[in-house]
Amino acid sequence: SENFRSSYYGTLGVSSVAVVKPPSSLDVLFKAEILDVVKLKSICLQHPLTTFHRPLVWKTILGVSPTANNEATRIYVKEQRKQQLEDLKRCLKFVSREPAGTTPSPEEFSLLYLIEKNRLLVSKRAEHTDLCAIAKPFIKLFPADEDAYWLFSSFAAMWETEMESSDLVSL
């Protein structure tokens, strides 16, 4: 359908020129063969993200999706991550002897992360609580379990690295 204002001006005999919106910086960046993560981070710091771009940007920046802008590669990586998550869930089911719920919980994500990092038996209660707090927003923001878990896992790993480096600085 035509823009209301343009059609109104047409009834008055005034010709109007259609304004074509230039593609956004993110659209241009996502058309490249290889996504430039540094530029992506810079754009994200300067401009708000649309809800359309947010999942892909987060997956790319946190290293969940490959930077190669190739649909076959993305599908392959997504399938591999999905399979790895299913393996972690089977391991958790074996270790806990409890059936996992149909919807993910922050506690489940925390335990899956500790299994993934091979720290389930040596983790502290405070660590588990912190991980649960980190997991909650990812579960709410991303409807697909795989996306929510892998984004949470990548973010938690970055958070732990930052916490370790800040602990070393304070000593």
Side-chain angles (χ1 to χ4, degrees), residues 23-96 98-120 123-165:
S24 74
S25 305
L26 284 174
D27 292 331
V28 171
L29 195 59
F30 283 126
K31 288 182 181 176
E33 279 186 44
I34 303 290
L35 294 174
D36 186 344
V37 177
V38 174
K39 283 184 182 176
L40 187 60
K41 288 178 182 179
S42 175
I43 290 170
C44 291
L45 290 172
Q46 296 170 4
H47 305 287
L49 289 176
T50 63
T51 54
F52 174 76
H53 288 113
R54 190 170 296 126
L56 185 55
V57 169
W58 283 21
K59 288 178 199 176
T60 305
I61 288 176
L62 290 174
V64 173
S65 286
T67 56
N69 201 1
N70 177 333
E71 192 62 27
T73 303
R74 287 188 187 279
I75 290 170
Y76 176 77
V77 169
K78 185 174 179 122
E79 288 301 316
Q80 291 299 307
R81 291 219 182 255
K82 188 176 186 176
Q83 185 60 46
Q84 190 177 359
L85 181 59
E86 290 304 316
D87 291 345
L88 286 169
K89 285 181 178 181
R90 277 196 299 279
C91 185
L92 178 60
K93 185 178 177 181
F94 177 76
V95 170
S96 69
E98 294 178 19
T102 55
T103 58
S105 68
E107 292 77 17
E108 179 186 17
F109 273 22
S110 174
L111 293 172
L112 291 171
Y113 178 78
L114 293 170
I115 290 171
E116 177 193 355
K117 300 300 180 190
N118 213 10
R119 297 196 329 246
L120 182 62
S123 67
K124 299 173 186 129
R125 183 75 186 146
E127 178 182 24
H128 179 65
T129 304
D130 291 344
L131 289 171
C132 289
I134 293 171
K136 283 179 189 177
F138 288 99
I139 292 170
K140 287 181 182 177
L141 288 172
F142 296 94
D145 290 359
E146 312 81 58
D147 291 343
Y149 176 74
W150 291 111
L151 286 164
F152 154 73
S153 177
S154 296
F155 185 86
M158 288 174 59
W159 175 74
E160 286 182 337
T161 302
E162 184 64 32
M163 293 303 291
E164 288 171 5
S165 66

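Since we're looking at a predicted model, the values are computed, not measured. Heavy-atom basis, side chains included; hydrogens, waters and symmetry copies ignored.
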| message | Contact between Ile134 and Phe152 at the side-chain level, heavy atoms closer than 4.5 Å - yes or no? | response | yes
Could you go through the side-chain contact (heavy atoms from CB on, under 4.5 Å) check for Leu111 and His128 one step at a time?
CA-CA 8 Å; Leu111 293 172; His128 179 65; 3.9 Å; yes
ask   = Is the closest side-chain heavy-atom distance between Cys44 and Leu49 below 4.5 Å?
value = yes
- prompt: Under 3.5 Å, side chain of Arg81 to main-chain N/O of Glu146, donor-acceptor pair present?
  reply: no
*Do Leu114 and Glu127 have side chains that get closer than 4.5 Å, going by heavy atoms?*
yes
Practice task
Take Leu40 and Phe30 through the side-chain contact (heavy atoms from CB on, under 4.5 Å) test and state the conclusion after the steps.
Solution key: CA-CA 9 Å; Leu40 187 60; Phe30 283 126; 4.2 Å; yes
Output for pair (Leu92 CG, Arg90 CZ), nearest 0.5 Å, gives 12.0 Å
dist Glu107:CD -> Thr129:OG1 (nearest 0.5 Å) comes out at 9.0 Å
Mind checking whether Lys136 and Phe109 have side chains closer than 4.5 Å, heavy atoms only? no
- prompt: Aromatic rings Phe155 and Phe138: how do their planes relate, parallel, tilted or perpendicular, breaks at 30° and 60°?
  reply: tilted
Would you check, one step at a time, whether the test side-chain contact (heavy atoms from CB on, under 4.5 Å) holds for His53 with Leu29?
CA-CA 11 Å; His53 288 113; Leu29 195 59; over 6 Å; no
CG (Leu26) and CZ (Arg54) are apart, to the nearest 0.5 Å, by 11.0 Å
- Message: Test your reading of the model: is there a side-chain donor-acceptor pair from Asn69 to the backbone of Ala32, 3.5 Å cut-off?
- Response: yes
Quick check against the 3.5 Å criterion: does Thr73 have a side-chain atom that pairs as donor or acceptor with the backbone of Ala68? no
Closest non-hydrogen contact found for Ser105 with Ile139 is C-CD1, 3.5 Å
For Arg74 and Leu56, the nearest pair of non-hydrogen atoms, with its separation, is NH1-CD1, 3.4 Å
Handout entry: N/O donor-acceptor pair under 3.5 Å between Ser42 side chain and Val38 backbone
Key = no
What I'd like to find out is whether the side chain of Glu162 reaches to under 4.5 Å of the side chain of Ser165, using heavy atoms alone. yes
Please check if the side chain of Ser110 supplies one atom and the backbone of Pro106 the other of a donor-acceptor pair under 3.5 Å.
no
| side-chain contact (heavy atoms from CB on, under 4.5 Å) between Lys89 and Tyr149: does it pass, once the steps are laid out? | CA-CA 11 Å; Lys89 285 181 178 181; Tyr149 176 74; over 6 Å; no
Q.
Taking the side chain as everything from C-beta on, heavy atoms only, tell me whether Gln83 gets closer than 4.5 Å to Glu79.
A. no
**Prompt:** Would a 4.5 Å heavy-atom cut-off, applied to side chains only, mark Val64 and Trp58 as touching?
**Reply:** no
